[in-house]
There are 2 protein chains.
Amino acid sequence: MTYHQDITGCLAENCECGLSAAELEDALRRTVPALPILSRKRDDDSLPLLRLPARRDDIARLKPLAAEFARFKDVIVLGTGGSSLGGQTLVAVAPPGRTRIHFMDNVDPHSFTLLFDALDPRRTGLIAISKSGGTAETLVQFFACMAWLDKRSAARTIVITEPKPSPLRGLATARKLRVLDHDPNIGGRYSVLSNVGLLPAMIAGIDVAALRRGAREVLDATLAAANPRDAAPALGAAVSVALNERHGITATVVMPYVDRLAHFGFWFRQLWAESLGKDGKGTTPIRAVGTVDQHSQLQLYLDGPADKMFSLVMLAQAGKGPRMPAKLSDPSLGYLAGKRMGDLIDAEQRATAQTLIRNGRPTRVFALERLDARALGALLMHYMLETMIAAQLWGVNAFDQPAVEQGKVLARQYLGEKGRAKAQ
Amino acid sequence: MTYHQDITGCLAENCECGLSAAELEDALRRTVPALPILSRKRDDDSLPLLRLPARRDDIARLKPLAAEFARFKDVIVLGTGGSSLGGQTLVAVAPPGRTRIHFMDNVDPHSFTLLFDALDPRRTGLIAISKSGGTAETLVQFFACMAWLDKRSAARTIVITEPKPSPLRGLATARKLRVLDHDPNIGGRYSVLSNVGLLPAMIAGIDVAALRRGAREVLDATLAAANPRDAAPALGAAVSVALNERHGITATVVMPYVDRLAHFGFWFRQLWAESLGKDGKGTTPIRAVGTVDQHSQLQLYLDGPADKMFSLVMLAQAGKGPRMPAKLSDPSLGYLAGKRMGDLIDAEQRATAQTLIRNGRPTRVFALERLDARALGALLMHYMLETMIAAQLWGVNAFDQPAVEQGKVLARQYLGEKGRAKAQ
């Protein structure tokens with residue numbers, strides 16, 4: 001396995017606010033029905049995201065497009081939420097020096113002015129992603145970029161959207177743009193392993209076959225587990241839900257000690273919030289970064305309300321990076337002499353986990369030997385499975401987001417009123 | 001005033017989970033003693049951050065340094081937490097095309113490899129900031145950068161640290177680097193208006209006199225208010241604390257609808273968490289960005305646990321940005337025809353505020369006519385004052401962070417053990 005999950009810091013025997021053996025056992029028992037349901041959904045293809053890890057046919061089809069777009073100096077990716085955060089997560093682990101990918105996930109006019117001033121339209125490709133094809137922000141971004149690219153637009157634009165008729169598909173067809181189908185049965189926040197995440201990742205030089213291999217290893221191990229305790233995502237879901245129900249844990253902090261996983265935190269945050277935050281249930285996902293947030297949030301985490309669980313993602317970094325001088329004349333710096341930068345972040349991640357646990361804050365640790373596409377694929381699949389299993393425990397639908405419709409309707413109404421007010 | 005605070009969406013008459021008139025009145029009464037205390041601390045200089053808004057002498061002294069460093073193509077700023085987040089917040093509103101400022105606030109070896117590969121040491125300046133002069137991360141970053149800059153280091157490095165002897169000051173003296181004093185009585189998270197924030201900001205082209213003018217307007221208006229209801233930061237603190245104490249609000253979401261304020265959210269997050277998260281008290285600050293998080297967090301915000309208050313920062317953007325085609329053949333796109341990008345974000349921010357309030361989620365609105373240095377200075381001072389007043393209401397010390405020491409000691413111990421283990 002590419003990662004090791006350690007939940008012992010969430011147990012009462014190690015951590016004051018942790019779970020008793022009986023509480024964990026009970027929650028694990030409740031996960032038992034979830035695993036055969038997932039197996040069935042994979043086998044009858046009713047949850048196609050569970051088929052993606054084993055697929056390679058679609059990668060072969062994406063390859064020539066990715067190679068074509070990798071020749072651009074810059075590629076703009078339009079889209080928001082699930083159409084953007086997966087790609088951002090993958091591209092963050094890409095090697096340097098390749099095509100620069102600009103994820104534009106807002107409609108702030110100033111940001112588009114800066115973007116258009118900085119890029120050369122002759123050397124820029126465009127990918128516009130909206131599952132429904134009707135996302136107002138993406139359509140507005142699309143019109144702005146079409147005008148900027150002008151006549152070149154047709155040759156250098158790819159649209160990813162569902163097969164059904166939609167505003168974005170209509171615009172793409174009228175402009176003779178290339179269109180890739182967004183699988184209608186893969187929700188945006190679960191689309192990172194589909195063409196939505198893969199196309200930007202391939203342009204940026206990610207080994208997406210390895211990404212899927214890592215995801216498949218976690219999926220297979222989870223669905224093959226005889227006992228949910230041996231299925232890391234089921235164990236994680238049991239701990240998360242039981243800490244909420246039994247110990248008043250209302251927020252869940254994901255804190256990687258790896259800069260390249262800073263975007264992973266934003267991806268997780270959508271996955272968890274949109275899938276589980278309904279019917280008054282769910283916990284609030286919080287994205288943190290170690291060591292940075294030791295100097296920002298740790299005071300609150302240790303001494304504020306005991307309402308959070310922590311998941312630290314640790315990477316083996318000891319012995320890596322710039323080395324400190326072997327001799328330091330200041331004796332108070334002796335602890336650094338001859339050490340490497342990686343030794344410090346290694347010591348800090350372990351110290352923070354230990355300090356949280358000693359202060360009674362339930363803490364889980366993910367340990368990675370290395371951070372490559374395979375390990376990232378494993379982490380992504382772990383969290384997608386953990387989220388779906390947690391949804392079953394809380395009795396909510398992991399795949400809808402009914403509450404956000406109201407705001408969309410109101411925004412259109414305000415936009416219309418504005419227009420009418422001006423027209424008078 | 002450069003911003004308008006509207007708390008009516010936090011009141012029971014408009015919002016199901018809001019404050020009754022009596023609850024607000026009671027909390028406001030409790031803020032009354034805080035204002036004369038702040039006035040006294042400004043006048044006797046025991047809280048020097050309250051003197052900064054009126055000062056210009058230090059700006060004059062920073063000017064030649066900033067001009068010198070503005071000739072570099074790149075400037076690296078070392079430091080973490082309060083030594084970094086204020087500068088990041090200011091530089092985010094800088095005009096494009098100036099010296100690029102790289103805030104390195106972690107000790108991830110991979111990030112330093114990328115940085116050193118991307119920059120030219122002959123065209124790069126360095127600013128190292130640590131209030132205590134003993135922050136392990138900053139020292140390790142400093143050693144790495146000194147080795148990379150090599151002989152050029154002395155001429156192109158500025159250190160900002162307290163006047164007292166410390167490892168960083170000792171290293172700077174031995175290497176004949178220029179050192180600026182960090183005011184010992186201004187904590188890192190309150191240092192954005194001091195040389196810590198100002199030097200990077202000036203290099204990036206920010207009008208720091210306007211920044212301080214905006215801060216001064218808020219400070220003066222707050223301390224001159226006859227009634228705390230007329231002092232925006234006192235009113236904000238009263239609402240925040242009363243919602244926590246009376247209505248179980250445990251998290252506070254700050255959500256600007258402006259990309260350039262995305263870093264402001266991280267600055268606020270440290271200010272609020274480190275100042276108030278102690279003795280089991282405080283609320284958890286959450287940084288969000290509109291419209292992005294409508295597509296990530298809004299489902300949870302509207303339909304998850306009712307445990308959050310919201311502060312939306314709205315900028316007047318209607319009529320700005322790229323314009324949509326006046327005629328759109330798809331009738332379902334009629335709401336966008338002839339509109340500008342700024343019209344959409346304007347409609348969305350108002351729709352989200354209204355939707356949150358209608359769903360019983362207490363929501364405050366900050367409205368900005370424009371986002372410039374003066375408006376940013378006002379927002380920063382608002383939140384520093386609100387935080388200090390909230391600390392008085394909760395009965396905690398806004399200026400210490402006692403809990404983080406334990407982790408630091410343990411990290412040094414782990415680092416030492418590692419060294420010993422290897423030496424065997």
Side-chain angles (χ1 to χ4, degrees), chain A residues 80-81 96 105-109 111 114 137 140 143-144 167 170 250 259 270 273-274 277-278 280 282 291-292 295-300 302-305 307 320-322 324 330 332-333 335 341-345 347-348 350-352 354-355 401 403-404 406-407 410-412 414-416 418, chain B residues 80-81 96 105-109 111 114 137 140 143-144 167 170 250 259 270 273-274 277-278 280 282 291-292 295-300 302-305 307 320-322 324 330 332-333 335 341-345 347-348 350-352 354-355 401 403-404 406-407 410-412 414-416 418:
Chain A
T80 187
D105 57 0
N106 206 352
V107 282
D108 185 328
S111 301
L114 293 181
E137 290 90 339
V140 164
F143 283 122
T250 57
D259 286 343
Q270 181 195 9
E274 267 195 345
K278 43 198 78 163
T291 63
V292 178
H295 302 272
S296 166
Q297 301 301 295
L298 194 57
Q299 167 66 37
L300 170 75
L302 291 172
D303 195 29
D307 57 3
K320 292 185 181 163
M324 305 302 109
D330 184 337
S332 74
L333 288 180
Y335 71 104
M341 186 180 279
D343 296 330
L344 179 62
I345 197 166
E348 298 225 28
R350 293 185 294 130
T352 302
Q354 205 48 52
T355 306
Q401 55 283 337
V404 298
Q406 194 184 342
L410 201 56
R412 289 189 188 196
Y414 284 166
L415 205 55
K418 188 93 196 170
Chain B
T80 187
D105 57 0
N106 206 351
V107 282
D108 185 328
S111 302
L114 293 182
E137 291 90 338
V140 164
F143 283 121
T250 57
D259 286 343
Q270 180 195 9
E274 267 195 346
K278 42 198 77 161
T291 63
V292 178
H295 303 271
S296 165
Q297 301 300 296
L298 194 58
Q299 168 66 37
L300 170 75
L302 291 172
D303 195 30
D307 57 4
K320 291 184 183 163
M324 305 302 109
D330 184 338
S332 75
L333 288 180
Y335 72 102
M341 185 180 280
D343 296 330
L344 179 63
I345 197 167
E348 298 226 27
R350 292 184 296 130
T352 302
Q354 204 50 49
T355 306
Q401 55 283 337
V404 298
Q406 194 183 342
L410 200 57
R412 289 189 188 196
Y414 284 164
L415 205 55
K418 189 93 196 168

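The chains referred to below are lettered A, B, ... by the order of the sequence lines, with proteins before strands, and numbering in each begins at 1. Side chains included, hydrogens not; waters and symmetry mates left out as well; all remaining heavy atoms used.
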Worksheet, complete the sentence: Max heavy-atom pairs within cutoff under 4.5 Å with chain B, candidates A:Asn106, A:Thr80, A:Leu300, goes to A:Asn106
Fill in: Among the listed options B:Gly81, B:Pro167, B:Pro96, B:Gly321, the residue most often paired with chain A at heavy-atom distances under 4.5 Å
B:Pro167
Worksheet item: Between the side chain of B:Gln299 and the main-chain N/O of A:Lys278, is any donor-acceptor distance below 3.5 Å?
Response: no
Worksheet item: Among A:Leu344, A:Leu333, A:Asp330, which residue forms the greatest number of heavy-atom pairs with chain B at distances under 4.5 Å?
Response: A:Leu344
Discussion item. Which one wins on heavy-atom pair count under 4.5 Å against chain B: A:Ser111, A:Gly342, A:Gly280?
Written reply: A:Gly280
Worksheet, complete the sentence: Closest non-hydrogen contact found for A:Glu274 with B:His295 is OE2-O, 3.4 Å
Discussion item. Can you give me the closest heavy-atom contact between A:Arg350 and B:Tyr414, atom names plus distance?
Written reply: C-CE1, 3.4 Å
Worksheet, complete the sentence: Scored by heavy-atom pairs under 4.5 Å with chain B, the best of A:Ala411, A:Ser296, A:Gly282 is A:Ser296
Worksheet item: Who among A:Leu302, A:Asp105, A:Leu298 has the most heavy-atom pairs with chain B under 4.5 Å?
Response: A:Asp105
Worksheet item: With respect to chain B, which residue among A:Ala273, A:Pro322, A:Ala144 yields the maximal number of heavy-atom pairs within a distance under 4.5 Å?
Response: A:Ala273
Worksheet item: Which bit of A:Asp259 comes within less than 4.5 Å of chain B, counting heavy atoms only: side chain, backbone, both or neither?
Response: both
Discussion item. Would you compute the distance between atom CG of A:Leu410 and atom CD of B:Glu348 and round it to the nearest 0.5 angstrom?
Written reply: 10.5 Å
Item to complete: Give the member of B:Gly304, B:Gly407, B:Ser332 that has the highest number of heavy-atom pairs under 4.5 Å with chain A.
Response: B:Gly304
Fill in: Heavy-atom contact with chain A under 4.5 Å, split by part of B:Pro109
both
Item to complete: Using non-hydrogen atoms and a 4.5 Å limit, figure out which bit of B:Leu114 sits close to chain A: side chain, backbone, both or neither.
Response: side chain
Fill in: B:Val140 and A:Ile345, any side-chain heavy atoms less than 4.5 Å apart
no
Item to complete: Considering only heavy atoms and a distance below 4.5 Å, find which of B:Val404, B:Thr291, B:Thr250 pairs most often with chain A.
Response: B:Thr291
